[in-house]
Amino acid sequence: MWILVSRLLRRWKMLVLALPVVAAVLSRLGSHLERRAGKPTTASRGLLGISRFARRRAGTEDTAHRPARAHRPSDFRSNV
């Protein structure tokens, strides 16, 4: 039983530590490709999309990239 717990704990720690690092690397690589090409390319959009997904899964998504109304609750008057 302890073997299973330690294996799960080890896997969880690897994901918690590695996923934000992978997301940052992919984001930097995608941004570099966009700067080099001067416009978004298929590869840079793919890398940045994977990076955003990884950041969301890791829980490190910063609010600077969200739309203005993404964090606000809906208008309560519309439910009346």
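- Cluster partners of Met14, using a side-chain heavy-atom cutoff of under 4.5 Å among ILVMFWY residues and allowing indirect links: none.
- Shown here are the side-chain hydrogen bond (donor to acceptor under 3.5 Å, both in side chains) partners of Thr41, two or more places apart in sequence or in another chain: Ser44.
- Residues meeting the side chain to side chain contact (heavy atoms under 4.5 Å, CB included) test with Leu19, sequence neighbours left out: Ala54, Arg57, Ala58.
- Lys13 NZ to Ser6 OG: the interatomic distance, rounded to the nearest 0.5 Å, is 9.5 Å.
- Of the possible donor and acceptor atoms, none in the side chain of Ser27 sits under 3.5 Å from a partner among the backbone N and O of Ala23.
- Minimum interatomic distance between Arg55 and Ala24 (heavy atoms only, all atoms of both residues): NH2-CA, 3.6 Å.
- When hydrophobic side chains of Ile, Leu, Val, Met, Phe, Trp and Tyr are connected at separations under 4.5 Å, Ile50 ends up clustered with Val22, Leu26, Leu29, Leu33, Leu47.
- Considering OG of Ser51 and CZ of Arg56, their distance stands at 10.0 Å, rounded to 0.5 Å.
- Partners of Arg28 by side chain to side chain contact (heavy atoms under 4.5 Å, CB included), not counting sequence neighbours: none found.
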